[in-house]
Structures are given as C-alpha cells and as structure tokens.
Amino acid sequence: MAIPIALTIAGSDSSAGAGIQADLKTFSALGVYGLSALTSIVAEIPGKVSRLEPVSVEMVREQISVLAKHFPIAAIKTGLLCSAAIISAVTKSIDDLRRRVPLVIDPVITATTGDSLLESDAIEAYQRELFPIASLITPNLDEAAQLLGDKIQDRQSMKRAGKELARKFKTAILLKGGHLRGDEAIDLLFANGKVVEFAAPFVRDVATHGTGCTYSAAITAGLAAGMPLPDSIARAKKFVTASIANRLRWKSNTGQNIDALNHSPDNAGTN
Ligand code: PXL
C-alpha cells in the first residue's frame, strides 16, 4: 500500500513547535506524507511572537492549486489562516478536493502566548465560508468562547457550547477542554447528535506551544489513512499527550529553560 498523503494549509512557526513544522513532523511520525501550503511566516520563539507576515493570496492559491492537480491527497487540515482574504482564497481553492476528502479545521485565533494571530474580520469569514465545508472543527475553550460570545467555565457549559457549534455549522466539533485545568484534559466530540469523551492525564507546568496544531494534524493523519473519526481522535490524543510528557528540554543562550513538544514516532504507540 502506498503511503497516504495529507495537506496542511497553515503558517510557519520559526521555533518549529507549532504551525506547518508541527504538522509535517506529526504526519511523518504517523506514517503519512505531508504536503504544505504556507499562509504566513511567524518569527517567534517559545513565549514570544515577534513578527508575522502573511503570504500573498495569489501565492496561497498557487501552492494549493499545483498540489491538488498533482498529488492524490487523502485529507486536508487548516491551521493559521491570518486574514479574511486568505480564508476566502483557501475555501475556493479546496472546493473540489474537500468534496472527496475530509477537511479538519483548527480555528487558530490566538497563540499560546495570547498574541492575536488573526485579523478581526477573519472570524466572520471563517464562520461564513470555511466552517460550513468542514468535516471537523477543533476549537479550544477560548476559541469556542470567541465564536459563541459566551464564557465556558465548566463541563456543563462545554456541553452546551459544543452542541451549539455543531448545530450552527452542521459539522462535527471537537471541543478541547485542556484549558479547564483539572487532573484530566477532557475533550468532547459532538458528531451525529452524540457526545463522545476523550480523556488523558493533564500534564502540569509545561511551557510548550503547538499542542493544538499537533493534535489536529494527528487527527488528519488518521483520516488520511482511512481511520474512522473517533479512532483518529483517540490515537491523536495519545500522541499529543506523549509529545508533551516526553518533551524536549534545553537551556537558552541566556540560561532560561526551553521546552518543546517531541514529535517523535515513538509517541505514536503501537497503532
Ligand atoms: O499554536 C498556534 C499557532 C499556529 N500556527 C502558527 C503559530 C502558532 C503559535 O505560535 O506560530 C504558525
């Protein structure tokens, strides 16, 4: 069997914990060949976004167009899309492809540092254009709160919010509850009128970024390989948890600790 191909449409994180770099490493670790269309370049180190520049809309379009014509793509994910103009271009460019293959949308709005990565008119473009064609949307609690204009503080409001998002966009929603800070990081999948729970031990006091990108990339890898959605999510959750638990550590040039996600194939388990 030929190795499955997945396409990520996302931004470059110079520190390689998140963004395109996280996606490609994750695809690789899970036995999928990754293609990439860059939407933006972010100069950053863990904890500090220094500069962000979008790629031209024409260039985003061209990358997707040449890839889609040539490769038998089996699944797509989107990460940082930056602006309403890029969201519109991506929606149009993948229109044909997404009718045949699953589309996972990680609705990246802010970085782990709290820096906004998205122009303000982009949230509306997301809701109007891209969300309605998704197979799965993977918001964290902050992103879901911004999409619904409501705070999410406990399990009950998480259930309400997930149901509301699934109803609103007529697609599956994976609402990631990691930021609720219990002993467990619990995510809820809302699909086909049912709620399925995915839990893993919450790893404390870790200053990593890129968990959201890694998680959605791992789900996309599963879908590209033909795994059902719940199985893809279960394996992805294990992969992210292991990537955090087995994180890499260095001392920076000024003596601070650097933590980075470990996207090693060893974290994929036996699956
Ligand atoms: O984790 C969100 C994210 C997504 N994409 C890019 C990023 C970041 C956060 O730093 O740089 C390119």
Side-chain angles (χ1 to χ4, degrees), residues 6-27 34-57 59-60 63-64 76-87 89-90 103-119 122-123 125-126 130 134 136-147 174-179 185 187 203 206-221 236-237 239-241 243-244 247-248 252 258-263:
L7 165 64
T8 170
I9 305 170
S12 165
D13 163 11
S14 55
S15 65
I20 287 275
Q21 289 82 358
D23 294 344
L24 292 179
K25 285 186 272 187
T26 301
F27 289 161
L35 304 173
S36 61
L38 249 76
T39 61
S40 48
I41 302 175
V42 187
E44 63 181 300
I45 52 173
K48 187 172 185 300
V49 173
S50 168
R51 188 182 171 98
L52 184 160
E53 278 186 20
V55 165
S56 74
V57 167
M59 194 59 201
V60 173
Q63 293 172 82
I64 298 170
I76 319 168
K77 80 152 265 191
T78 66
L80 175 57
L81 297 180
C82 273
S83 67
I86 292 180
I87 290 171
V90 167
L103 168 63
V104 176
I105 298 179
D106 181 12
V108 179
I109 299 174
T110 46
T112 307
T113 52
D115 293 283
S116 181
L117 296 170
L118 205 62
E119 289 172 15
I123 295 185
Y126 251 136
L130 202 52
L136 175 72
I137 310 174
T138 64
N140 61 31
L141 294 180
D142 291 341
E143 287 157 352
Q146 288 196 57
L147 293 171
L174 179 66
L175 184 52
K176 299 174 291 183
H179 293 195
D187 308 326
V203 188
V206 183
T208 52
H209 74 302
T211 50
C213 305
T214 301
Y215 195 8
S216 57
I219 296 167
T220 308
K237 178 91 175 158
F239 182 77
V240 177
T241 305
S243 303
I244 301 169
R247 65 197 171 277
L248 306 169
S252 77
I258 305 175
D259 275 359
L261 285 184
N262 181 353
H263 296 97

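Note that ligands are numbered from 1 as they come in the structure, with each ligand's atoms numbered from 1 the same way. What you see is a predicted model; the values in this text were computed from it and never measured.
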Is there a side-chain contact between Leu136 and Ile105 (heavy atoms, below 4.5 Å)? no
Should you measure from each heavy atom of Asp13, which atoms of ligand 1 turn up under 4.0 Å away? 11 (O), 12 (C)
Just checking, any donor-acceptor pair under 3.5 angstrom between side chains of Asp187 and Tyr215? yes
Say whether Ser40 and Glu53, considering side chains only, have a donor N or O and an acceptor N or O under 3.5 Å apart. no
Check for a donor-acceptor pair, side chain of Gln21 on one end and backbone N or O of Gly17 on the other, with a separation under 3.5 Å. no
Proximal atoms of ligand 1 relative to His209 (non-hydrogen, under 4.0 Å): 10 (O)
Can you check which of Ala18, Ser40, Gly19 brings a heavy atom nearest to atom 1 (O) of ligand 1? Ala18
Does Ser12 reach ligand 1 with a nitrogen or oxygen that is under 3.5 Å from one of the ligand's nitrogen or oxygen atoms? no
Identify, by atom number and element, the atoms of ligand 1 in contact range of Gly11, meaning under 4.0 Å from any of its heavy atoms. 12 (C)
So which heavy atom in the protein is nearest atom 4 (C) of ligand 1, and how far is it from that ligand atom? Cys213 SG, 3.6 Å
Nearest non-hydrogen protein atom, atom 10 (O) of ligand 1: Glu44 OE1, 2.8 Å
Among side-chain atoms of Lys77 and Thr8, is any donor-acceptor pair under 3.5 angstrom? no
In the protein, what heavy atom is nearest to atom 2 (C) of ligand 1, and what distance, to one decimal place, separates them? Val108 CG1, 3.9 Å
Checking the side chain of Asp13 only, and the main-chain atoms of Ala18 only, is there a donor and an acceptor separated by less than 3.5 Å? yes
